[in-house]
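Presented below is the structure to which this report refers.
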Amino acid sequence: MSFPLLTATAAVPAIGAVATAAVPAARRNAAKALALLFSLATLALAIVVLVRFDPDGGRYQLTESHSWIADFGVRYELGVDGIGVALVALTALLIPFVILAGWHDADPLETGSKRWRPTQGFFALILAVEAMVILSFEATDVFLFYIFFEAMLIPMYFLIGGFGDRAHEHGEEAASTQRSYAAVKFLLYNLVGGLIMLAAVIGLYVVAGNFSLTEIAQARADGTLHMATSTERWLFLGFFFAFAVKAPLWPLHTWLPNAMGEATTPVAVLITAVVDKVGTFAMLRFCLQLFPEASKWATPVILVLAVISIVYGALLAVGQRDIKRLVAYASISHFGFIILGIFAMTSQGQSGATLYMVNHGISTAALMLVAGFLISRRGSRLIADYGGVQKVAPVLAGTFLIGGLATLSLPGLAPFVSEFLVLVGTFSRYPAIGIVATFGIVLAALYTLVLYQRTMTGPVKPEVSAMPDLRARELVVVTPLIVLLIFLGVYPKPVTDIVNPAVKQTLSDVHKKDPKPEVEAAK
C-alpha cells in the first residue's frame, strides 16, 4: 500500500494543532515554535505533492479511497487535479508566514493583567483551519468535502471573536463587542449557506445514489445518470449559494469587511487568502463538473453579479477610512474577477481565474501583512492617522508599495497576468461584460495609490516620527512573498503548466469550446 501523501498533508497540521494546544500555558514560545515547525513540515509535504503531480497524467492523482459510512455510500476519497494541487501548495506556503506574522498577536494584553489570551489556542486554531482547508481541496467525495467545508467555520469563529485586533479607535470594550458581532455574522452567513448546500447534497444522493464526485461525473458524461432540468438547476443553486457566500460574491459579501476588520492581521490573511478560496475552487470542481447544463443556464446572471462585485467592491474601497476594510473591499472586487473568469467558460478565463486564486493569495498576504506591521506600530487602523511613513521607515513603505502595486495588477507583478487572462477570456465571449469589468482596474489604481499617498508620503506626523522600520522577523515574512510576486509576474509558466490541463477538462465537462476569433481574412 502506497504512502497516503494527501492524508499526510492534512494530518500533520491537525496533529500539530493538538500538540500545540497541549503545551503548558507557561511555555508560550514553545507553543509558537511547535506550530511553526508543524506548518513547515506541512509545506514540505505539499512540495512533495507538487513534485509528484504530473500535469499530463490522469485527472485526479495521488488518490486514496476507503469505505467510511458504507450504509450511506460515503467514502473517504481524496485526489488532486492541477487546480487542487496549486491551492494546496498556496495554503501550505502561506501558513508559516501567517504564524510568524502573528508571533505576538496572542500574547497577554497587559503585563501583570488578569486579562490574558490562550496563546497555544491561537496557533492551534490556525493549524486546524489549515488541515480543514487542505482536505477541502483534496476531497473527491461530496459528503466528505461538505464536512470540512463547514467544520472550518468553528476554528475561524474563535479566531475572529476571541483574538481580535488590538488597534481599535473606541477602546477594548467596544473592540470586544465589534469582534463578537463580526464573528457571529461570519458564522451565521456561512452556516445558512452550508445548510442550503446540505439540502442539495442530500438531493444529489437521492438522484445519484452515492457521493463520489468521479463516479457521478462519469455517469453524467456516459449518459447513465439523467437529471431532470429543474432538478439539476435546484441542486446547482444549492451548491452555488454556499460557495458564493464563502467566495464572497455580491450581495452575499457583507460579512467579509467586518470579519477582516476586527480579526488580527494574520487571521484576516487567513480568511481572504486561504479560506475564501475554497468557495471559488468549489465552483470549478463541483458546480461545473456535477451540473454542467445548470451552470450554463445560470451563467448570464452570475456574470452580472461578478461585474457588480468588481465595481461595487472597488468603489467602496475608494471611500474607506480604515486600512483593513479597504483591503477587504478590494478583495471582494478581486473575487469578482475570479468568478467572472470561471463562468466566462473559456480556457483563458478559467486559467486566469485559477492563476488569480494563487496570485491574489500571495499579493493580499503581502499587502495585508505589511499593513498589519504598520498598524501595530501606530496602534490605529485609520488612514488619516498616518503620513510621511516612507521618510522614517523606507523598507516598510517600499514593501507596502509593492504589495499595493500588485493589488492594482501592475504589469510585471503576478496578478497582472491572471487579470489579463480573465479579461481576455471574458471579452472573447461576452465583450460588454469584459468592458465594464475593466473599470475595476481603474478604480484599483485609484484606491491603492490614494492609500499609499495618504499614509506614506507628505509631512511626517508626530505620532509616526519614531516609527521603527521592518525587523528581521517581519522581513522574513514579507521578502519571500515579494519575490514570488515578481517571479510569477515575469514567469507564470510553472503555475499555468499545472492548471491548464485541469481547465481543459473542466471546459470539456460543460461541453464548451473557446470561441473562434472573428477577424477579417488577410487579403
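By convention here, the first residue in the shown sequence is residue 1.
With Pro415 as the fixed residue, the side chain to side chain contact (heavy atoms under 4.5 Å, CB included) test singles out one of Thr407, Leu485, Leu408, Leu405: Leu485.
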Tyr430 vs Thr299, test: side-chain hydrogen bond (donor to acceptor under 3.5 Å, both in side chains). Steps then yes/no.
CA-CA 11 Å; Tyr430 304 100; Thr299 288; 5.2 Å; no

Applying salt bridge (charged side-chain N to carboxylate O under 4.0 Å, His left out) to Glu262 and Arg381, what does each step give before you reach the verdict?
CA-CA 10 Å; Glu262 300 306 324; Arg381 304 185 330 225; 3.6 Å; yes

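Leu288 CG to Phe236 CZ: the interatomic distance, rounded to the nearest 0.5 Å, is 7.5 Å. Distance check, rounded to the nearest 0.5 Å: CG of Leu125 to CZ of Phe158 gives 8.0 Å. Summarising the geometry, atom CZ belonging to Phe243 is positioned 8.0 Å from atom CE belonging to Met283; distances are rounded to the nearest 0.5 Å. Distance NE2/His360 to CD1/Ile338: 6.0 Å, rounded to 0.5 Å. Asp141 CG to His66 NE2: the interatomic distance, rounded to the nearest 0.5 Å, is 12.5 Å.
If you check the side chains of Ser331 and Thr272, you find a donor sitting under 3.5 Å from an acceptor. With hydrogens and angles left out, the side-chain atoms of Thr7 and Glu64 include a donor and acceptor closer than 3.5 Å. Ser212 and Glu77 share a donor-acceptor pair across their side chains, judged by distance under 3.5 Å alone. Tyr189 and Thr254 share a donor-acceptor pair across their side chains, judged by distance under 3.5 Å alone.
Proximity of a side-chain donor or acceptor of Ser309 to a complementary backbone N or O of Trp250 within less than 3.5 Å is detected. Formation of a donor-acceptor pair under 3.5 Å by the Ser295 side chain with backbone atoms of Cys287 is found in this model. Here the side chain of Ser351 pairs no donor or acceptor atom with the backbone of Gln348 at under 3.5 angstrom. A donor-acceptor contact shorter than 3.5 Å is absent between the side chain of Lys296 and the backbone of Met345. Under a 3.5 Å cut-off, the side chain of Gln61 and the backbone N or O of Asp54 do form a donor-acceptor pair. Judged purely by atom type and a 3.5 angstrom limit, Glu138 has no side-chain atom pairing as donor or acceptor with the backbone of Gly79. The backbone N or O of Glu293 sits less than 3.5 Å from a side-chain atom of Glu232, completing a donor-acceptor pair. With Lys246 contributing its side chain and Phe149 its backbone, the two residues share a donor-acceptor pair below 3.5 Å. For the pair Tyr329 (side chain) and Val318 (backbone), a donor-acceptor distance under 3.5 Å is absent. When atom types are taken as modelled, the side chain of Thr346 and the backbone of Gly425 share a donor-acceptor pair closer than 3.5 angstrom.
Around the OH atom of Tyr452, the shell of radius 6.0 Å holds more than 12 heavy atoms that belong to other residues, nucleotides or ligands. Around the CZ atom of Phe420, the shell of radius 6.0 Å holds no more than 12 heavy atoms that belong to other residues, nucleotides or ligands.
Side-chain contact between Phe137 and Val278 is present, with heavy atoms from C-beta onward closer than 4.5 Å. Within the 4.5 Å cutoff, the side chain of Asp276 has heavy atoms near those of the Ile271 side chain. Taking the side chain as every heavy atom from C-beta outward, Trp255 and Leu187 never approach each other to under 4.5 Å. Between Thr438 and Phe427 the shortest side-chain heavy-atom distance does not fall below 4.5 Å. Side chains of Phe291 and Leu204 form a contact here, defined as non-hydrogen atoms less than 4.5 Å apart. Leu326 has its side chain within reach of Ile383: a pair of non-hydrogen atoms, C-beta onward, lies under 4.5 Å apart. Looking at Val275 and Val129, their side chains come closer than 4.5 Å, going by heavy atoms from C-beta outward. Side-chain contact between Lys493 and Asn500: absent, with no pair of heavy atoms (C-beta onward) separated by less than 4.5 Å.
If you look at Tyr312 and His253, their ring centroids are closer than 6.0 Å. In this structure, the ring of Phe211 has its center no less than 6.0 angstrom from the ring center of Phe145.
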